[in-house]
Amino acid sequence: MSARTETRTPDRTTADTVLEVSGLTKTFPAGQSLLARLRGQPRKVVQALTDVHLSVRRGETLGIVGESGCGKSTLARTLVRLYDADSGSVRYDGAEVTALQGAALRAYNRSVQMIFQDPYSSLNPRMTVGQVLREVLGVHRMRPPGQIEARIRELLTLVGLPHEAAGRLPHEFSGGQRQRIGIARALALEPEILIADELVSALDVSVQAQVVNLLLELQEELHLTVLFVAHDLRLVRHLSHRVAVMYLGRVVEVADTATLFTAPRHPYTQGLLAAAPTLEPGTRSAEPAISGELPSPLNVPSGCAFRTRCPQAFGRCAVERPALLPVQGGEVACHLYDPQGPQGTVIP
Ligand SMILES: Nc1ncnc2c1ncn2[C@@H]1O[C@H](COP(=O)(O)OP(=O)(O)OP(=O)(O)O)[C@@H](O)[C@H]1O
Ligand SMILES: [Mg+2]
């Protein structure tokens, strides 16, 4: 990655919403001890996503950040339909995704592709890269048979791999090259949206930069919309036009990258940035990290989920969950920014 610290401006994006997530909720049944089962105790649920609202604009890179366990991967997996949501809606170009069937559903499944952290585990070790791509292109009839070999070469060029790579097996490649293969496989389906979940977190820093820069180039060349899920705030800042911050299964703030990193509004975002030692190279923050323990997703606090760790929490925060409301440059879910004043009306 270059020493670029300026943030991306949403110049290439349009105001056009490609994906609209609203009220998305997903729970998982928690494990239960034998004793609890024998006693007939109700099974607890992991609240992985709670009433998530998020709109993704066509052509943008939207970063998704938040502490481990806040629901980033669950959101990504729900969007690619690896998980069914309990409730809520996902609209793609205005159409409800859960209602899609037949050809429209297959088109959605092609249009939204996920690239995984470890493509090695998702690549068949006995299939060469050429065979993998040939299979994807053939099954989905992306090209007539006579054009498949040329398309494989084109895809390899796109991701910066030599044509000879087609004849080799996954284990013959380095981690960064395997990520390129994973990207080529996703691109074979000509998606509109790429979801990268911790795409580079398993790679060495120098290799990370190459893969991230490839993603930047591909996005501009192919006009992709990218959801970039990552822990590394510096990478997110480098890549994203806008950033969504999640806390315990909720989106608590969304803002354009410059606003989010220079004037974060939500106390959680402020704490997250203050706790990140890597944001400005060579400087270490004197600010304390977020105090207190992350509550269990089995037992999410009432009202605002962050109130138990929030230095600015007040009475209303315990009784009323703040809605995600528009503010200059983004949206925030915090009573401090209630247009009617922090006290507002207390609705238990
Ligand atoms: N398949 C599952 N079964 C049960 N619980 C799950 C499952 N997947 C996720 N969870 C739980 O849902 C919550 C959200 O998990 P998720 O993996 O989405 O978080 P994340 O933000 O991606 O975390 P990380 O940064 O560590 O990748 C966690 O409490 C997790 O334990
Ligand atoms: Mg995850």
Side-chain angles (χ1 to χ4, degrees), residues 19 21 23-33 36-37 42-54 56 61-88 90 112-122 179 182 186 194-203 208 211-212 215 226-237 239-240 243-254 260 266 268-269 271-273 275-278 289-290 292-301 305-306 308-309 333:
L19 212 54
V21 176
L24 202 68
T25 296
K26 173 72 187 165
T27 56
F28 295 105
Q32 197 182 28
S33 70
R37 223 178 310 158
R43 210 181 165 112
K44 289 195 161 185
V45 292
V46 177
Q47 203 67 47
L49 297 178
T50 308
D51 195 23
V52 166
H53 292 267
L54 192 65
V56 184
T61 295
L62 178 65
I64 301 182
V65 301
E67 276 164 291
S68 190
C70 70
K72 304 180 297 293
S73 296
T74 304
L75 176 62
R77 286 166 175 263
T78 308
L79 294 179
V80 291
R81 302 179 57 259
L82 284 172
Y83 294 152
D84 285 326
D86 298 0
S87 57
V90 177
V112 185
Q113 287 295 313
M114 182 140 153
I115 332 170
F116 296 91
Q117 177 174 346
D118 178 15
Y120 198 50
S121 59
S122 59
Q179 276 303 22
L194 269 189
I195 303 183
D197 189 0
E198 302 289 355
L199 178 69
V200 296
S201 40
L203 303 176
Q208 281 189 354
V211 176
V212 158
L215 201 61
V226 178
L227 257 66
F228 188 74
V229 177
H231 273 99
D232 187 329
L233 295 175
R234 264 179 79 190
L235 278 185
V236 168
R237 187 178 190 174
L239 266 171
S240 311
V243 179
V245 182
M246 292 184 70
Y247 184 76
L248 274 178
R250 299 169 191 182
V251 171
V252 297
E253 182 164 4
V254 187
L260 192 106
H266 199 287
Y268 175 62
T269 313
L272 195 68
L273 298 188
T278 51
I290 301 160
E293 297 241 328
L294 180 67
S296 160
L298 289 170
N299 208 355
V300 176
F306 186 57
T308 53
R309 302 166 85 189

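For ligands, and for the atoms within them, numbers begin at 1 and follow the listed sequence. Because the structure is predicted, anything quoted here is derived from the model rather than measured.
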S.K.: Please confirm whether the backbone N or O of E198 pairs with a side-chain atom of S201, one donor and one acceptor, at under 3.5 Å?
M.R.: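 Pair found, side chain donor or acceptor close to backbone of E198.
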S.K.: Between E253 and V245 (side chain of the first, backbone of the second, donor and acceptor by atom type, cut-off under 3.5 Å), is there such a pair?
M.R.: no
S.K.: Just let me know how H231 lines up against ligand 1, side chain, backbone, both or neither, with a heavy-atom cut-off below 4.0 Å.
M.R.: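 H231 to ligand 1: side-chain contact only, backbone stays beyond 4.0 Å.
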S.K.: Is the backbone N or O of A30 less than 3.5 Å from a side-chain atom of R43, with the two atoms forming a donor-acceptor pair by type?
M.R.: yes
S.K.: Below 3.5 Å, N or O to N or O, backbone or side chain included: is there any such pair between C70 and ligand 1?
M.R.: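 So ligand 1 has an N or O lying under 3.5 Å from an N or O of C70.
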S.K.: Specify the protein heavy atom at minimum distance from atom 25 (O) of ligand 1: its residue, its atom name, and the distance to 0.1 Å.
M.R.: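 Answer for atom 25 (O) of ligand 1: K72 NZ, 2.7 Å.
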S.K.: Quick test: of every protein heavy atom, which one is nearest to atom 17 (O) of ligand 1, and how far off is it to 0.1 Å?
M.R.: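 So the nearest neighbour among protein heavy atoms is S73 CB, 3.8 Å.
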S.K.: Atom 23 (O) of ligand 1: which protein heavy atom is closest, and how many Å away?
M.R.: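 For atom 23 (O) of ligand 1, the nearest protein heavy atom is G69 N, 2.7 Å.
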S.K.: Please could you name the atoms of ligand 1 that P297 approaches to less than 4.0 Å, counting only its heavy atoms?
M.R.: 29 (O)
S.K.: Does any N or O of ligand 1 fall below 3.5 Å from an N or O anywhere on P29, backbone included?
M.R.: no
S.K.: Quick one: which ligand 1 atoms are inside 4.0 Å of a heavy atom on V46?
M.R.: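 Result: 11 (C), 12 (O), 29 (O).
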S.K.: Starting from atom 26 (O) of ligand 1, find the nearest protein heavy-atom neighbour and note its residue, name and distance.
M.R.: S68 OG, 2.4 Å
S.K.: Regarding S73, does it place an N, O or S atom less than 2.8 Å from the Mg ion (ligand 2)?
M.R.: yes
S.K.: Look at atom 31 (O) of ligand 1 and say whether a protein heavy atom is found at less than 4.0 angstrom from it.
M.R.: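 Under 4.0 Å from atom 31 (O) of ligand 1, zero protein heavy atoms found.
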S.K.: Do F28 and ligand 1 have an N or O pair less than 3.5 Å apart?
M.R.: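 For ligand 1, there is no N or O atom that lies under 3.5 Å from one belonging to F28.
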S.K.: Return the closest protein heavy atom for atom 1 (N) of ligand 1 as residue, atom name and distance.
M.R.: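 Looking only at protein heavy atoms, the one closest to atom 1 (N) of ligand 1 is Y83 OH, 3.5 Å.
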S.K.: Below 4.0 Å from ligand 1: does a non-hydrogen atom of Q47 turn up there or not?
M.R.: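 Checking ligand 1 against Q47, which is what was asked, there is no heavy-atom contact under 4.0 Å.
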S.K.: Is there a donor-acceptor pair closer than 3.5 Å between any side-chain N or O of Q113 and the backbone N or O of L194?
M.R.: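 No.
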S.K.: Would you mind listing which atoms of ligand 1 come within a distance below 4.0 Å of any non-hydrogen atom of T74?
M.R.: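 Result: 9 (C), 14 (C), 15 (O), 16 (P), 18 (O).
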S.K.: Taking F116's backbone N and O only, do any of them form a donor-acceptor pair with Q179's side chain (distance below 3.5 Å, no angle check)?
M.R.: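 Pair found, side chain donor or acceptor close to backbone of F116.
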S.K.: Checking side-chain polar atoms at under 3.5 Å, does T25 have a donor or acceptor matched by the opposite partner on D51?
M.R.: no
S.K.: I'd like to know if the side chain of R250 pairs up with that of Y268 as donor and acceptor (distance under 3.5 Å, no hydrogens or angles considered).
M.R.: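 Distance-only check fails for R250 and Y268.
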S.K.: Side chains of D86 and T27 only: does a donor on one sit below 3.5 Å from an acceptor on the other?
M.R.: yes
S.K.: Compute the minimum heavy-atom distance from G71 to ligand 1 and say whether it is under 4.0 Å.
M.R.: yes
S.K.: Taking all non-hydrogen atoms of both residues, which atom of V52 and which atom of G249 are closest, and how far apart?
M.R.: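 Taking V52 first and G249 second, the nearest heavy atoms are CG2-O, 3.3 Å.
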S.K.: Determine whether D197 and I115 make a side-chain contact, defined as any pair of heavy atoms from C-beta on separated by less than 4.5 Å.
M.R.: no
S.K.: Do protein heavy atoms approach atom 13 (C) of ligand 1 to less than 4.0 Å?
M.R.: yes
S.K.: Test your reading of the model: is there a side-chain donor-acceptor pair from H231 to the backbone of E67, 3.5 Å cut-off?
M.R.: no
